[in-house]
Each structure stands twice: as structure tokens, then as C-alpha cells.
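What follows is a set of notes on a single structure, which appears directly below.
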Amino acid sequence: MSALKIIHITPTPLVGAPGKIAWAQRMKGHNALAVALSDYPQKGPLANKFLDKILLLNDFTTAYIEEYISTANVIHIHNYFPNNKLSWITRLNQSALFVYQVHSPLREGPLYVDRGSYDSLINFRVRLVVGQYLGRLYPSYLPVPNLILSPPSVTLREPGERLKVMFSPTHSHVGRWTSKNSNVLNDVLESLKSLGKIEIIKPQSFISPETLFEVRRGCHVTIDEITTGGFHQVSLEGLCAGNIVINRADYFAKTTFGNFCDGVPPPFTYADESTIGSAIECLAENYEDSNRLQKFNYDYFQKYCDPIRLVEVFDAAYQRAL
């Protein structure tokens, strides 16, 4: 498709997702910009961690951002968005293609209602949803992929080397789809560590995503979460780092993402609270099997998950509406 001028506008950085889309779109030849209305709270652990590819709205950038909005072909709005900012955007541009993308489950903060359906201020001609577990909650929305921009790599185990397992939940919230922690999992990991079968890599405080990913490259296993039927961005990061990725992703979640990958679902290793111990122990006791799985996951990411390839899903969605 011909080059477009695209602006992504998000209330917060959304852990960098809109900026990654804009970056990949620029690599495809579009003029794309990602803007956040505000950063995460400055006293919180996420402040200043996700602004490397996102422009923050402030006194210095406002004029440039308003000019960009007024001349954009596509205005792509992400997640919860305040009405006064929607009015501000429509005052600047009413002729663009308006796109709404949801990143969060319904009835869990911050999306307790479907903003893309019930807001009458903008006629969203395209509605998108992150294509992992969220598609079942927004059946009329088009699934789109999360993008991982880091170059893939794999670090295989040496004979006799303990299995390095990374578990790095970003929060301990309890929700239907946002739960990421498990007391059973924590007990299993500590037990296997005490037996000398694994090494646990688990940050005790929030560190930058870049640092965490570089450490993940030296691991063999990434555990996402084993409490829901979905998976999160960390599972894709694990594939990129050549890790065995353990989660409880169900058929729907894996098939949804597989639709971006020639119908091939991601090669996650399934586990729940009743099977997580045996799953990790089996990997720990056979380095040849674990190496085979690591290499398979690395190859999958190489073949299917290149961001320049995956961002074409967004191009197709825009093109159909245009």
C-alpha cells in the first residue's frame, strides 16, 4: 500500500506497544508517530521506562503533535481514552481514518466498559484487539499482534549445566485475565532450586525491560503465567530469546496468534498448577530435550515473528477501511 501518515495516541505508554507498532510502520515506509498523553506515575516503578519510541505530550511537543494530528491519514487510538482528548483530536482532524485498539480485558481496570463501542464522539471505522486471549472478549474486533523488536537469539544448555528459569511477573494483581502470580508455582520453583535442579532468575524489584530481556537471553526457560488460559507479551519475548516458554495458553489464545503465522500456533509448553512441577523437572533432567525445544522456539520466532512481517496485519486493516 502507499505510504500513510499515521499517529498512534495512547493515554499511557502501554509498556511501549504503540511505539513498537509505529517503529515497524516506519520501517515499512510509512510516516508513523506514537504519542502518550502522560507517562506512568513518577513515583511508581514504570516511570520513564517505556518512552524510547514514544513522544510524550508536554509544553514543548504539543504544537508539533497538533500539526501531526491535523495532517494525519490514520489516527490510531489505544485503550481507555478521556472524552476531552477525543474532542481535542476531532477538532484538529475529522477526515482521517479513525482506528481504535484495545489492549486490556473487559471488566478489569482500566477497561470496565467497551470504549470503542459505546463512545459516540468518534466514528471508529476500524476496531482492533491484541491477538492473544482478548479476542474472545471482543468478538467483533479484528485481532492484531504484539510486536517484539529485539533481534532473536538462543543460548543452549551445556551438559551438566543447571536449567536457568526466569519468572518475572510484573504485578501480583488478581483478576480473571490479568493474574500473573501463583503461590503453587513459587513453591515449586523453590523446591526444585533446593534440590539443585534449577537456577531461578526472578528480579526482586522492577528493572528496565531492556535489562530484563538481555538477562533472559542467557536463560533456558521463561515462565509467563499458569493461572489463566491466556498469555502475555513475555511469552513472545521468551520465544525471541530462544527460551522454552511455559504458560497455560489455551487453544483459542494460541490459534488467534497462529493466524498471523501462516496458521502455525506458537510452540508454548503447557502447564497449570497441577503439572508445573513435573514439566520443569523433566526439562531440568534432560538437557538434550530442553535444547531441542529452545532451538525449535528460536526457529519459530525467526520464521514468523519478525516485526516487519507482522506489522503488515495493521496495513491490511487500514487498507480495507480506506
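Owing to the predicted nature of the structure, the values given are computational and were not obtained by experimental measurement.
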| field | Between OG on residue Ser70 and CD1 on residue Ile89, distance to nearest 0.5 Å | value | 12.0 Å
| remark: Between the OH atom in Tyr100 and the OH atom in Tyr141, the distance rounded to the nearest 0.5 Å is 6.0 Å
| request: With the side chain counted from C-beta on, respond yes when Asp187 and Glu190 share a heavy-atom pair under 4.5 Å apart, and no when they do not. | output: no
| So, Asn93 versus Ser95: side-chain donor-acceptor pair below 3.5 Å or not? | yes
| message | Main chain of Val234, side chain of Asp224: is a donor-acceptor contact present, judged purely on distance under 3.5 Å? | response | no
| task | Go through the structure and list residues passing ring-ring contact (aromatic ring centres under 6.0 Å, His included) with His220, not counting sequence neighbours. | result | none
| query | Checking Tyr40 side chain against Leu14 main chain: does a donor-acceptor pair fall under 3.5 Å? | reply | yes
| Is there a side-chain contact between Leu128 and Val313 (heavy atoms, below 4.5 Å)? | no
| Whichever hydrophobic residues join Tyr270 through chains of side-chain contacts under 4.5 Å | none
| task | Measure from NZ or CZ of Lys254 to the centre of the six-membered ring of Phe231 and say whether it is under 6.0 Å with the direction within 45° of the ring axis. | result | no
| task | Each residue besides Ile201 in its hydrophobic cluster should be listed here, by chain and number; the cluster joins Ile, Leu, Val, Met, Phe, Trp and Tyr at side-chain heavy-atom distances under 4.5 Å. | result | Met166, Ile207, Leu212, Val215
| Are side-chain heavy atoms of Leu134 and Pro105 found at a separation under 4.5 Å? | yes
| query | Given the rule that I, L, V, M, F, W and Y join up when any side-chain heavy atoms are under 4.5 Å apart, are Trp88 and Ile122 in one cluster? | reply | yes
| said: For the CG atom of Leu310 and the CG atom of Asp315, what is their distance to the nearest 0.5 Å? | reply: 12.0 Å
| Is Leu163 reachable from Val188 through a run of I, L, V, M, F, W or Y residues, each pair having side-chain heavy atoms under 4.5 Å apart? | yes
| request: Please name all residues satisfying side-chain hydrogen bond (donor to acceptor under 3.5 Å, both in side chains) with Lys295, sequence neighbours left out, ordered by chain then number. | output: Asp299
| note | The ring-ring contact (aromatic ring centres under 6.0 Å, His included) partners of Phe301 (sequence neighbours excluded) come to none
| said: Any side-chain to backbone donor/acceptor pair from Thr155 onto Arg217? Under 3.5 Å, distance only. | reply: yes
| query | With under 30° as parallel and over 60° as perpendicular, where do the rings of Tyr318 and His76 fit, or are they tilted in between? | reply | perpendicular
| Which side-chain hydrogen bond (donor to acceptor under 3.5 Å, both in side chains) pairs, counting each pair once, include a residue from residues 157-167, with sequence neighbours left out? | Arg157-Ser290
| Looking at residues at least two apart in the chain, or sitting in another chain, which of them share a side-chain hydrogen bond (donor to acceptor under 3.5 Å, both in side chains) with Thr211? | Ser208
| remark: Rounded to the nearest 0.5 Å, the CG atom of Asn58 sits from the CG atom of Asp39 at a distance of 11.0 Å
| remark: Applied to residues 258-269, the side-chain hydrogen bond (donor to acceptor under 3.5 Å, both in side chains) test, sequence neighbours excluded, yields Asp262-Arg309
| note | With sequence neighbours left out, the residues meeting side chain to side chain contact (heavy atoms under 4.5 Å, CB included) with Glu281 are Leu192, Lys197, Glu285
| message | In the structure I gave you, are the side-chain heavy atoms of Gln294 and Asn291 within less than 4.5 Å of one another anywhere? | response | yes
| message | Can you tell me how far apart CG (Asn297) and SG (Cys240) are? Round to the nearest 0.5 Å. | response | 11.5 Å
| task | State whether Trp23 and Lys20 meet the cation-pi test: NZ (Lys) or CZ (Arg) under 6.0 Å from the six-membered ring centroid, and within 45° of the perpendicular axis. | result | no
| task | Name all residues meeting the ring-ring contact (aromatic ring centres under 6.0 Å, His included) criterion together with Tyr304; count only those two or more places apart in sequence or in a different chain, and write none if there are none. | result | Tyr300
| Can you name the residues that form a ring-ring contact (aromatic ring centres under 6.0 Å, His included) with Tyr287, not counting sequence neighbours? | none
| task | Each residue besides Leu51 in its hydrophobic cluster should be listed here, by chain and number; the cluster joins Ile, Leu, Val, Met, Phe, Trp and Tyr at side-chain heavy-atom distances under 4.5 Å. | result | Leu56
| Under 4.5 Å between any side-chain heavy atoms of Leu236 and Gln132, yes or no? | yes
| With side chains defined as the heavy atoms from C-beta onward, is the minimum distance between His30 and Val311 less than 4.5 Å? | no
